[in-house]
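One structure follows; several queries about it will come next.
Keep in mind that the numbers below use all heavy atoms, side chains included, and drop hydrogens, waters and symmetry copies.
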Amino acid sequence: MRSVTYSMSVSLDGYIVGPDGRFDWSVPDEEVFRLATDEVRRLGVHLLGRRLYETMLYWETADQDPSIDFSTREFAAIWKSLPKVVFSTTLQAVQGNARLASGGLAEEIGRLRAEPGDGDIAIGGATLAAEAAAAGLIDEYRARVYPVLVGGGIPFFPRHERRVDLELVETRPVGSGVVYLRHRVAR
């Protein structure tokens, strides 16, 4: 069965976006960018909330810029071809290899897990990930922890009243002070 993963850059104090709405502290160096590219390469589908979808629209045309380097062009090609499912109550249409979700999150994940196919099912966006976590749908958490304290904002881990035990699968330093942590949900 395909695993559901949640992977984001996160500040040391646990936020993916600071209180000012900025995430400029998480601009990846080459090594962190390569790690993110390798993660996306292993995906079968990516589930996104509206805000992350709109942020990632950049990658639909990034490869048309002749000044970008090879790794940026490589990521753009992988991202463009990756099937995406967008959860939104405000969007009427989406671009590229994306479709609007036709059902709820649990229903969509159940359908994707039942379909034949390779690659993980990734969840992107804190709101969508919080909904998946509350429903017990996330199998693995992957965090690229940056050496910065932002003091508040949107948390990486959803705030809910239930304990989730995790098993450490991988940890390693990556790039300029970033630490990659990968935990599997203990079931």
Side-chain angles (χ1 to χ4, degrees), residues 3-40 43 46-59 62 72 75 79 84-91 94 98 101 104-106 108-109 120-186:
S3 290
V4 176
T5 65
Y6 173 44
S7 178
M8 296 284 286
S9 296
V10 59
S11 64
L12 185 60
D13 55 349
Y15 298 95
I16 61 169
V17 174
D20 56 3
R22 293 175 36 193
F23 52 93
D24 56 340
W25 48 268
S26 66
V27 173
D29 64 17
E30 185 62 34
E31 191 176 349
V32 174
F33 191 69
R34 193 170 33 254
L35 171 70
T37 301
D38 289 343
E39 275 190 353
V40 173
L43 297 178
H46 204 294
L47 312 181
L48 302 97
R50 180 194 52 81
R51 284 185 299 237
L52 183 59
Y53 165 75
E54 289 174 342
T55 299
M56 296 301 284
L57 276 175
Y58 164 81
W59 295 103
T72 305
F75 182 85
W79 182 259
K84 292 167 272 302
V85 180
V86 181
F87 290 80
S88 173
T89 57
T90 58
L91 294 176
V94 290
L105 182 59
E108 195 71 53
I109 288 175
D120 292 333
I121 300 165
I123 294 191
T127 303
L128 195 61
E131 183 181 339
L137 298 171
I138 296 178
D139 300 307
E140 206 170 276
Y141 291 88
R142 299 172 181 175
R144 294 177 302 276
V145 183
Y146 279 74
V148 61
L149 303 173
V150 298
I154 298 174
F156 174 83
F157 292 104
R159 307 290 188 225
H160 53 77
E161 304 271 333
R162 105 183 159 85
R163 176 180 165 154
V164 178
D165 292 320
L166 304 172
E167 300 169 0
L168 181 63
V169 175
E170 182 180 0
T171 182
R172 64 181 151 124
V174 184
S176 306
V178 174
V179 176
Y180 178 66
L181 300 173
R182 193 171 141 222
H183 287 86
R184 184 173 300 126
V185 174

Can you tell me how the ring of F33 sits relative to the ring of F75, calling it parallel under 30°, perpendicular over 60° and tilted otherwise?
tilted
CZ of F156 to CZ of R142, rounded to nearest 0.5 Å, is 10.5 Å
Any side-chain donor-acceptor pair under 3.5 Å between D29 and S176?
yes
Which class fits the ring pair Y146 and W25: parallel under 30°, tilted 30 to 60°, perpendicular over 60°?
perpendicular
Quick check: closest heavy atoms across V150 and S11, and the distance to 0.1 Å?
CG2-OG, 3.6 Å
Spacing of CG belonging to L105 relative to OG1 belonging to T127, to within rounding of 0.5 Å
11.5 Å
Is it the case that more than 12 heavy atoms not belonging to R182 sit under 6.0 Å from its CZ atom?
yes
Passing candidate, side-chain contact (heavy atoms from CB on, under 4.5 Å) with Y53, options V94, L47, V85:
V94
Which residue, R144, E170, E39, R172, forms the side-chain hydrogen bond (donor to acceptor under 3.5 Å, both in side chains) with Y180?
E39
Taking all atoms of both residues into account, what is the closest heavy-atom pair of I109 and I123, and its distance?
CD1-CD1, 4.0 Å
Is any side-chain heavy atom of R34 closer than 4.5 Å to one of V174?
no
Could you tell me the separation between the CG atom of D139 and the CD1 atom of I121, rounded to the nearest 0.5 Å?
8.5 Å
Out of curiosity, L149 CG to L12 CG, how far, rounded to the nearest 0.5 Å?
5.5 Å
When every non-hydrogen atom of A186 is compared with those of E167, the smallest separation belongs to CB-OE2, 3.7 Å
Look at atom CZ of F23 and say whether more than 12 heavy atoms of other residues, nucleotides or ligands are closer to it than 6.0 Å.
no
I would like to know whether W79 and T37 meet side chain to side chain contact (heavy atoms under 4.5 Å, CB included); could you show each step before the answer?
CA-CA 9 Å; W79 182 259; T37 301; over 6 Å; no
If every non-hydrogen atom of H46 is compared with every non-hydrogen atom of L52, which pair is closest and at what distance?
CE1-CD2, 4.4 Å
Got a second to check how far S9's OG is from L35's CG, nearest 0.5 Å?
9.0 Å
Report the distance from atom CD of E108 to atom CG of L137, rounding to the nearest 0.5 Å.
12.0 Å
What heavy-atom pair brings A132 and I138 nearest, and what distance separates the two atoms?
CB-CG1, 3.9 Å
Taking every heavy atom of R162 against every heavy atom of A134, the minimum-distance pair comes out as NE-O, 3.8 Å
